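Okay, so here's the structure we're looking at.
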Amino acid sequence: MEPILSVEDLSVRISGLHILQGVSFTVAPTGVTVLLGRNGVGKTTTLRAIVGLTPPAGEVRGTIRMGAQSLLARPTHRLVRGGLGYVPEDRCVFAGLTVAENLRLAERRGTSPAYDKVFALFPELDRRGRQRAGSLSGGQQQMLAIGRVLLNDNRLLLVDEPTKGLAPKVVTEVAEVLERVAESVPVLLVEQNLAVVRRLARDAVVLAAGKVAWTGDARELLLETALTKSLLGVGTGEAHRPAGSDRASVAGKDAH
Amino acid sequence: MGTVILLALTGLGLAALYFLVASGLSLVFGLADVLNFAHGLFLGVGAYGTWWAAGNLPGAGPDGFGFVLAVAFGVAAGTLVAILVELVLIRPLYSRTIEQVLVTVGLSLAGVALLQATWGADARPFPRPDWTRQVTGILGAQVPNGGLLLIIAAVLVLGAILAFLRWTRYGLVIRAGVENREMVTALGIDVRKAFTLVFAIGGAAAALAGALGGVYFGTVSPGQGSSLLIFAFIVVVIGGMGSVVGSAYAAVVVGLVQQFVNYYGTSGLGDICVVGLLAVVLLLRPQGIAGKVATA
Amino acid sequence: MTNSTLDAPPARVPAELTPQRGRWQRLRPFLPLVALVVLVILPYSTISLPGIFEGPVNSPGTLQLLAICLIFGGLAAGYDLLFGRTGMLSFGHALYFAAGVYGTDVLVTRAGLPLWQAALLTITGGTILAALLGAVALRTVGIAFAMVTLAFAQVGAILVARDFGGLTGGEEGLPLDVSGLPAGLVGVTNTVNLYWLALAYLTLVVFVVHRVSGSPTGRVLAGLRDDERRIGVLGLDPYRYKLVAFTLAGGLASTGGVVYVLIVGGASPHITSSELTLSLLVMVVLGGPGTRWGPVLGGVLYMYLDHRLTAFGTSDAVDNLPAVLSRPLSQPLFVLGTVFILAVYFFPGGLTSLAPRLSHLTRALRPQRTPPG
Amino acid sequence: ATACGSPQDTATGGGDSAAPVKVGLVYSQSGALASYGKQYIEGFKAGLDFATMGTGKVGDRKIELTEVDDAGDPAKAVSAAKDLIGKGAKIIAGSTASGVALQVAPIAAQNKVLFISGPAATDAVTGANKYTFRSGRQSYQDVVTAKSFIGDPAGKKVVVFAQDGAFGDANEAAVKTVIGGAGATVSSVRAPASATEFTPFASQIKVAKPDLLFVAWAGTTAPAMWQSLDQQGVLSSTTVVTGLDIRSSWPTFGAAGTKISFLSHYFDGASDTEASKALKAKVSTIDLFHPDGFAAAQMVVRAVQEGGDDVDKMVTALEDWSFDGVKGKMTIRAADHALLQPMFQAKLTGSGTAFTATAQKSLTGDETAPPAVAMKG
Amino acid sequence: MLATRGLTWRIGEVAIVDSVYLDLAPGEFLGVIGPNGAGKTSLFNLITGLRRATEGRIILDGQDIGALPPHRRARLGLGRTFQASSVFGSLSVRENVRLAVQAHRGGSMALWRRAAADREVAVAADTALDRVGLAHRGTALAGTLAHGEKRKLEIALLLAGEPRVMLLDEPMAGVSAEDVPELVAVIKSLTGDSGRAVLMVEHHMDVILELADRIAVMHHGALLACDTPETVMGNPTVQEAYLGESL
Ligand SMILES: Nc1ncnc2c1ncn2[C@@H]1O[C@H](COP(=O)(O)OP(=O)(O)OP(=O)(O)O)[C@@H](O)[C@H]1O
Ligand SMILES: Nc1ncnc2c1ncn2[C@@H]1O[C@H](COP(=O)(O)OP(=O)(O)OP(=O)(O)O)[C@@H](O)[C@H]1O
Ligand SMILES: CC(C)C[C@H](N)C(=O)O
Ligand SMILES: [Mg+2]
Ligand SMILES: [Mg+2]
């Protein structure tokens, strides 16, 4: 299968710091590809480089292609209109606009926005249509940020830590949403929550020290405790798994 | 009674002028986050554009339709300059607020100097229909027609801007772009167009203020814009940045206070009152009369 | 692809640790001193810099110009204590400078006080004024703060223009009565003393700002610039610290006013205008806010251009150009404004950002050598 | 070319009887008063030609002019003056704005050089110090001329409408002394110089019903002010007197122009002197401040002729000197260096864009002489 | 030690925080959980003074602190971290912590002393940095840190202030799994025998379970339950409202 996105030798410098040093990977045309790595390794930077949002002080080299088309040096709004959906790490909803206005803004010309789909996933957004997005709680804002992108048809979704700071219940919901979305659109996902990763990911790319340290089947990565431990610093069976980890660990604690 | 009416109506005329300058300033300032010290230049261009057109543009003149054409030319010139300024000077500097200040201050100095270099430092008589020099008797007051014209224009501009912001998609984009340009882009919208638009609107309103102010004052001079600018800034701030309605309220308050205090109090007190008003409003309500409460 | 060498974080070397200790680097801390010494003995040189100054360096005209530039260098550095170092955008700084100018002038000329008394009273008064107005204005933040300070300054400007009791001379200004002044400060031949006075003022401001920024309070001020809420949660009262910075900057500006009135020999109302505050901001931005030398450079350059461009505008070189060019170029403000605009594009980050870029350039041009062990 | 010198070096002027005489002209070439400055310098050059018979020389000595722009800023003017003095200039002239003149005058006294102030109208230049002279008129002379419009002032009601600040203060004070002193009751309406809306002030004046309204207003807001006075019916209900400004401002009076009585410092055609002919030959149309420059040049030539390089001698030579200027007979009063000179009453006729001024009456220098003040320094 | 009595914050008609009664004993570790939007952050804002409560009292060591500005409350020993990192971006990491230490040592208005020369502050700051494992990043500008590093710095800032009551708002959010145990250890060491009390909002259940002595559950601004972890986790309402279906 031809990959939907291929990144080759991507190098990003921001004000002198060489953050990505020749990153290459591909994203399969179906399913979820997860981008893993420790804090500060450059996951967000990678996504932002793909969608053309490297800060002014930054310098991007390498090639990024979607199909046959090169993405580098094209303005962000063109890329997005071309079907590249982006959910940023820190939500970035428009605090001063109402929820409904936030959604309306995301409508793209010439397509019919899929409001029913979004409201079915997040009924909260329908109910709070008139509330200003800035007064939503963190989790509600995340729903809005995801819902906003799902209004449109996309060829590829870039999603940066969608479950950060969400209650376990909502984490589950978000994971479900992404799972369903991934049935029709390929997703490149940055996620710290291994339970979510395990549930969604088909392929995995692990970044370390500004380079790609491992690529392959996500399940394979998660199964091999030694591998995850060396790449991500955790074993899948360990206690300190982040949020949303299954109840077993909760029960385990209960049993102490 | 006649005096009160006269003061009120001329005060409103002044308010209308302040509003026309302030509305654009407020939009650009509150929405595009640019403290535009060169806004007075747009006014100057509008005024000189109208003046020039009335004398030189075929079909334009100081009367009737010719005058409308001259004003239209002036407004178009002001708008064009505003667009150019945005495209060439401001656009590369978005999110670099302080450097924008440097550029707009530089532009206001250079722009006024350029007007002066071209047309001289002295005031020129402004071409205008005769009826604008006359007065209309309203309840015993002899109200200058030029002032009434300003009031009507300001009300129309206010309505148009509000409708635009509230009901058009570009209005929405402008309001969102202020908060987070990057994210608007990430939704597939070319936000830069919206900012150019804001400048165009502000430039047009200011240029109109220049043309009608020329009618009202009877002259045009290079520094006219800058001297109005400080009061326009005060109006913007009292009204709340980004709020066009707030600017309208504030302009009325400032215009009336100046007029009444100057009549009943001693000279200069009107200005001090306005400035005092600004300080009091800001201390009690830092976001201005109609300003949105900052989100935590 | 499987690869698991994972230890090193992305390559990045903090500037402090870069080994770059040439002879030059060791000299660096002494450069300001060297510069100071050069500036002190400058008036003994008869060197001529045609085009840059009208006459030799030690001519009264040149010294006068330099003195004014130095004053504004100091003024900009003081303003940067507010703007660049604490993040407070005041649009009313001209008021405290004007208080210094008019205070001294009125006390000497109208009340007949000896200079030292007038100066002392003025500086104290200016500082207290800053403290009082700051106490009110600092109830607001951000643009609101800028506008309240602008409002106060505007009241000052109106009061000066109104000429209450004939005290300020209104728009005509108030020439300084020099009869009671020390002889060394009067007359063209003594311009050099005024120059030294201005230099002393600049040195004072730079030293004070430097010390304060490096002090514990300065650290808090830097914190305020980034996140005021956080400072509060750490247990420090942001208001108090901002007031201290505001008062200090106000006092420095008043002191500058005292020196300025001696140099110019009088007060005129346009030093009360909001344009002056704006030009302070422009100076700081031009030079590089929050840096030690940027504001000074910006202030000096601004004033130099402001004074010299009038001569440029009337020079033959400009006159001989075609009218389209010579007309605008003969307007000093046109050239000044254009310079600002160009500066933003050519020196983003201010003049001081030029130095590292120049060194990049020289390094790039120099043939690669193996770094010394 | 490094060299060492004393930090107190200044060039010493002349000594040599054939060396050029350095004269510094510090005036507004740019800024708001640039057109006044332009007239001044044209006048000066014409005057220099006239007084030196076209040679530009006094005896064997060339008059070497250095022109410096002060842009209306006293600080720049002071710098320029210091520079010129440092380079050996013994005479400084210029000063388009009052604020500039007042701050340059002390510099002249401190350094013992001759200072001849230009168009700056403030009374305070008169008697400022021994070294300071003036080549233009002063506010007081304006007011005395205004008084001539109302015949016997006794019992009349006079209102002064002036802008805030020193210029307005001086005019108000002068009206109180000159016209009030002659028996009229004088009151005043003052407005901020920055005002843009004049209706409240116009109403106040209307309500006061004066027999004479004296308006002292300078600046770009003047046309709006006149329009308001006209619209509120002030101009048609009373005699209104004001100073006639430069020609380019005349069209801005609009309909109000013919309703105002003007006192005039000068306009083309006000006099028919030798000097005015010489000036007209150079500049084609004489305007308000050409005569000031012309007179300044005449005074410079006189000072150099009689004083050589000795400034004190120059001062003595100018004091009590009478000469035929563009306006007519001018006299420098020794006591306070006031420049006694003819003043004019004028009327504008025509309409809209094409006004012509005609002289109604001219007053002699003695008739308009301001009271002598004590020399301050 | 810290208690709230009927603490309420209304915006218009809506109670964002609704009559909350909390008691925090010295040395106690109280976890706060609750769905997104339950009002946890708002509760912290009320306690630390960034927002003024509409009703109710906040009592610290027997003193009602409800009317004090944030810095006065901090001086009384109240420290907090923010859900969205808020560090001094233009200062180096080390300067950030030194500033916090200095704030803690008393905010004297020293204008003339050299701040860098204060050994004690420097040492205390380095200790705090060491404890969160950021010592190697000391010279980096705080603004350029990655998200997870900022969280650590945030905790270092808190540590430097040696508060007696600490409010941690989602300290683990965005921290990579590798570093979680480390941070947990740090937070654990904060309490120990020092008598410090901690109030921590966290969505990472296993972290909460490991650390908390009691757990408070917030829902729609109100306290749904406040009890031992076992009881709370067994509570069906809590499961329904918060935990939901497991993955
Ligand atoms: N604007 C910037 N200027 C300087 N450095 C930056 C900038 N943005 C990011 N960095 C640096 O780049 C590195 C990678 O950051 P990035 O945000 O991409 O990491 P991440 O993998 O997304 O981390 P996290 O899991 O914490 O979100 C970090 O070390 C960070 O300090
Ligand atoms: N300034 C405000 N104006 C209006 N509503 C607000 C404001 N601040 C918070 N809210 C509302 O109060 C509720 C509680 O918000 P809060 O941030 O305290 O939630 P939280 O429990 O911290 O959630 P999360 O876990 O997602 O961070 C939310 O519904 C939010 O929309
Ligand atoms: C307007 C003029 C009559 C003179 C000049 N403006 C002055 O100040 O004095
Ligand atoms: Mg990230
Ligand atoms: Mg929260």
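All of these numbers come straight from a predicted model, not from anything done at the bench. We use all heavy atoms of the structure for the numbers below, so side chains are in, but hydrogens, waters and symmetry mates are not. Below, read A as the first sequence line, B as the second, and so on, with proteins coming before strands; counting in each chain starts at 1.
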Tell me the closest heavy-atom pair linking B:Tyr263 and D:Ser203, and the distance in Å.
CE1-CB, 3.7 Å
When rounded to the nearest 0.5 angstrom, what distance separates CZ in D:Phe253 from OG1 in B:Thr219?
11.5 Å
Using the rule given for side-chain contact (heavy atoms from CB on, under 4.5 Å), can you reason through B:Phe217 versus D:Thr196, listing the C-alpha separation, both sets of side-chain angles and the distance that settles it, and then say yes or no?
CA-CA 8 Å; B:Phe217 298 140; D:Thr196 45; 3.7 Å; yes
Within residues 230-238 of chain D, which positions have a heavy-atom distance to chain B below 4.5 Å?
D:Gln231, D:Gln232
Does NZ in D:Lys176 sit with more than 12 non-hydrogen atoms of other residues, nucleotides or ligands closer than 6.0 Å?
yes
Kindly indicate whether the side chain of B:Leu6, heavy atoms from C-beta on, has any atom under 4.5 Å from the side chain of D:Thr199.
yes
Side chain / backbone / both / neither for [X] at chain D, heavy atoms under 4.5 Å:
{"X": "B:Ser221", "answer": "side chain"}
{"X": "B:Gln142", "answer": "both"}
{"X": "B:Tyr216", "answer": "both"}
{"X": "B:Asn262", "answer": "both"}

Is it the side chain or the backbone of D:Val207 that comes within 4.5 Å of chain B heavy atoms, both, or neither?
side chain
Looking just at side-chain N and O atoms, do D:Glu197 and B:Gln259 make a donor-acceptor pair shorter than 3.5 Å?
yes
Can I get a per-line list of side-chain donor-acceptor pairs under 3.5 Å for residues 48-55 of chain B, giving both atom names and the distance, sequence neighbours left out?
| from | atom 1 | to | atom 2 | distance (Å) |
| --- | --- | --- | --- | --- |
| B:Thr50 | OG1 | B:Gly46 | O | 2.7 |
| B:Trp51 | NE1 | B:Pro125 | O | 3.4 |

Scored by heavy-atom pairs under 4.5 Å with chain B, the best of D:Met225, D:Lys206, D:Gln163, D:Arg190 is D:Arg190
